[in-house]
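Everything on this sheet refers to the single structure shown next.
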Amino acid sequence: MDQQRLIDVRDLRVQFPVEGGVVKAVDGVSWHIDRGETLAIVGESGSGKSVSALSLLRLTELGGGRIVSGEIEFRRKSGAVVDMVQQPLPVLRDIRGNEISMIFQEPMTSLNPVFTIGFQIVEAIRLHQGKSRREADELALEMLNLVRMPEAEKRLDEYPHQLSGGMRQRAMIAMSLACRPALLIADEPTTALDVTIQAQILDLIKTLQREIGMAVLFITHDMGVVAEMADRVVVMYRGEKVEEGPVEEIFHAPQHPYTKALLDAVPRLGAMRGQPLPMKFPNLEYGRDASEPATAAKPAADAAPRPADAGPLLEVDGLVTRFPVGGGLLGKPKAAIHAVENISFSLGVGETLALVGESGCGKSTTARTILRLQEPTRGRVVFGGRDITKLGRGAMESVRRQMQMIFQDPFASLNPRLSVADLIGEPLRIHNLASGKALQDRVADLLRRVGLGPEHARRYPHEFSGGQRQRICIARALALNPNLIVADEAVSALDVSIQAQIVNLMLDLQAEFGISYLFVSHDLAVVERISHRVAVMYLGQIVELGPRAAVFEDPRHPYTRKLMSAVPVADPRQRRTDLRLMTDEIPSPLKPWGFEPETLPLEEVSPGHFVMPH
Amino acid sequence: MIALILKRLVATAFVMAFVAFFVFGLLHLAPGDPAAVIAGDIATKEDIERIRATLGLDLPFHTQFLNWLGAIMQGDLGTSIFSGRPVSELILQRVEPTLALTTTTILLSVVVAIPLGIAAAWRAGSWIDRTMMGFAVLGFSVPVFVFAYLLIMVFAAQLKLVPVMGYVSPFKDLGGFLRAIALPTVALGVTYVALIARITRASMLEAINQDYIRTAHAKGLGIVPILFRHALRNASVPIVTTVGIGIALLIGGVVVTESVFAIPGLGRLTADSILRRDYPIVQGVILIFSGIYVLINLTIDIIYILVDPRIRY
């Protein structure tokens, strides 16, 4: 093996036994990583990218996977070259966490909740380095400082649930780098994080890579992250490598049609420059499930030009939602979480307003409060000219027919024991609107509308893919012919190509039925595609509100700018070179009980474009 | 954390006060006059009044309750109306075998069941797992008395390793106690081994499939620290709960069994005292049992707080 070569994977095949056969998760894949190099393996769910990564440490075996053939040659610190596939467990354990480390997608669930951060780092150090308790403690603190953990000393004695998502991932990185590995495997390490935190973590990994001189294997579905991080790229599709090359070539001269389709489906921030209206994604043909409909095939009605004179469907005026914290049966609460703080906006008929912001900014609570799934602390919600904040149970029920919700997780929001027909028909039965044959016909019709077939009605949710399930959720939301659909991160959990299809479907439905969307999302690039107007939320308040083009092309509030600059650009030529090792986090929305924040009225900077004074 | 434990202690005190009031009130509402029972059939009205006055039964309800409560605080549960002996002494006589058997049974169950459950979860679907779970089903379904007679037949009658029956206090002869208690412990324990092993398996299986276990593997940890350190502590809340419920069931179950089979234990004492309207004994027994239950619950709560930092909000 070449002296520069760190790991060489040849003809790797990994299979998972299933009832009546095997799933070929990785099917004859070869690639290599040199010392200090960053290789990104990119692909959508089910492409085998994570399985390839886990196979390096033979961790696939935990999930029942079997390496059926191939070699994984790894150059150890001692210089010896070993085939990981053939090594016995003691040798593997000596390499794991010591010479090859791994960080995972979900920093919350990847750290053990019942042990302190310090304990978990020290455990890794003592396991591999034979250090005394005190030396290990010192090194753990040093590592936390290295990953720029704020107040590192205090964190050693804290538990994972006391840390924010970004800090947890820092702790995870500190743990995996404590033994100075030659290779760090990063499996979607920033997917669960907010964009500004993602930018911090990516910068951190790059900096540490330089400081420690390690190679990085980056597993991701996000082309923006690939462009930001990788030296070379391997594109995987259904267990096979379809393309491999230097990052510039992959982005600027992709050869394989799948790579091209993948790049086309990537929502790019700024792609809509000069376009006032929402627009569908082009070219979604490659690799569609046979059952996925060809939404892109009919380019008609790219967007509903919003009826200019229609009055607002929804008006929100001075909405405040707070959650009391502490206090017993009789005692007064000690504090309150100020989730939504004096929010006002309106939404027109057939219009899409996006609420964007990072986790904890109150965007989801705003949506839930509007539907009164959460009671407001004060403020008014006027829907169809009627104040619904004071409506009784019965009256609210009939208003809710007009407003439906789609949630982020299409797996969790469909009851697994009900058939698709029951799921979609349920709203109709609850409101006594259809039964028997009429109900069946309506369900079949709804399924067709969202691009599924009537034959799907008798199946159960687990038989569908993620994208199809989200279509079922949309069909259920459409069942009552609502005027308003609140989509809470409705496409965030989906692969980019599926995400693009669902966005296109939502745009088609809006054009056809004149539905208004309140589109809650953290993903600026998707928001840019789908919305007419955008409201940026920060700490429970709207800091900027205006037509999408105005907000995206001329952001005025510093937070909006920060948010936009944190989005990784899917173009390696525009890679950020200044690594700002920021560690700032969003301040806590927890305030003492009775605290009344000062809220400034928004100022209009151009027609319809409002900014909070800063 | 200390504050949280103190909070639990205060809550426990309230529960006990409520139980005391409830026990006292309930028995006074029950029909029948203890003074009349003690005096017998031929007593005159004056005799009964005199007895009532001696016992303080003529005082108003709240005075009686406060007197009683004050005495309890000093460890005095009163005197049996019927035999004239102190209630605490009567209860103590009967309670030792019951508590001893409960303790040995639970200890045996925990020591056997938890490693079995962990092994079954670790090798889920293997022969270890299937054998284990088969045994668990057997443990649930074979009645205790069948199993007990089988044990007696083999170990006491044929091998003569242990006595057939009887009880020896551990404070007098520890070896004799262990020999005497061995068979009943095993007989009673089988069900609890099965129960706790099953819960341990289910709970461990869930923990083993969590992401942090994958992290532990990726660190290079061996299987023993992964199972016993990383997984077991996360899996422990349901296990602790089950063990607690097991103890409560054992104590409660013993009372019923004793009554049915006329064994002169704590259960028999309770039943007899109810028939004689011997208020102080009934009150004492219920109070002691409630106290044990509340104590078990308190212990479980405190263990929760210790094992899972997320509960220490």
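Bear in mind the structure is a predicted one, so any value in this text is a computation, not a measurement.
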Go through [options] and name the one with the most non-hydrogen pairs under 4.5 angstrom from chain B.
| options | result |
| --- | --- |
| A:C179, A:G97, A:P113 | A:P113 |
| A:S176, A:P90, A:S110, A:G63 | A:S110 |
| A:E106, A:M102, A:E123, A:Q120 | A:E123 |

Engaged part of [X] at the chain B interface, taking heavy atoms whose separation is under 4.5 Å:
| X | value |
| --- | --- |
| A:L54 | side chain |
| A:Q162 | neither |
| A:L111 | backbone |

Tell me whether [X] at atom [atom1] has more than 12 heavy atoms from other residues, nucleotides or ligands lying less than 6.0 Å away.
| X | atom1 | result |
| --- | --- | --- |
| A:Q129 | CD | yes |
| B:F140 | CZ | yes |
| B:I2 | CD1 | no |

If we only count heavy atoms from C-beta on, is the [X] to [Y] side-chain gap below 4.5 Å?
| X | Y | result |
| --- | --- | --- |
| B:R310 | A:Y159 | no |
| A:F115 | B:R229 | yes |
| B:T215 | A:M172 | yes |

Could you measure the distance from the CG atom of A:L57 to the NZ atom of B:K219? Nearest 0.5 Å is fine. 14.5 Å
Listing request: all side-chain hydrogen bond (donor to acceptor under 3.5 Å, both in side chains) pairs with a residue in residues 237-248 of chain B, at least two apart in sequence or in separate chains. B:T241-B:Y304
Take B:H217 and A:R93 through the test side-chain contact (heavy atoms from CB on, under 4.5 Å) and record every step on the way to the result. CA-CA 8 Å; B:H217 280 286; A:R93 281 183 38 209; over 6 Å; no
A:N112 side chain to B:H230 main-chain N or O, any donor-acceptor pair under 3.5 Å? yes
Checking B:L221 against chain A: side chain, backbone, both or neither under 4.5 Å from a heavy atom? both
Under the rule for salt bridge (charged side-chain N to carboxylate O under 4.0 Å, His left out), what residues qualify as partners of A:E99, not counting sequence neighbours? A:R76
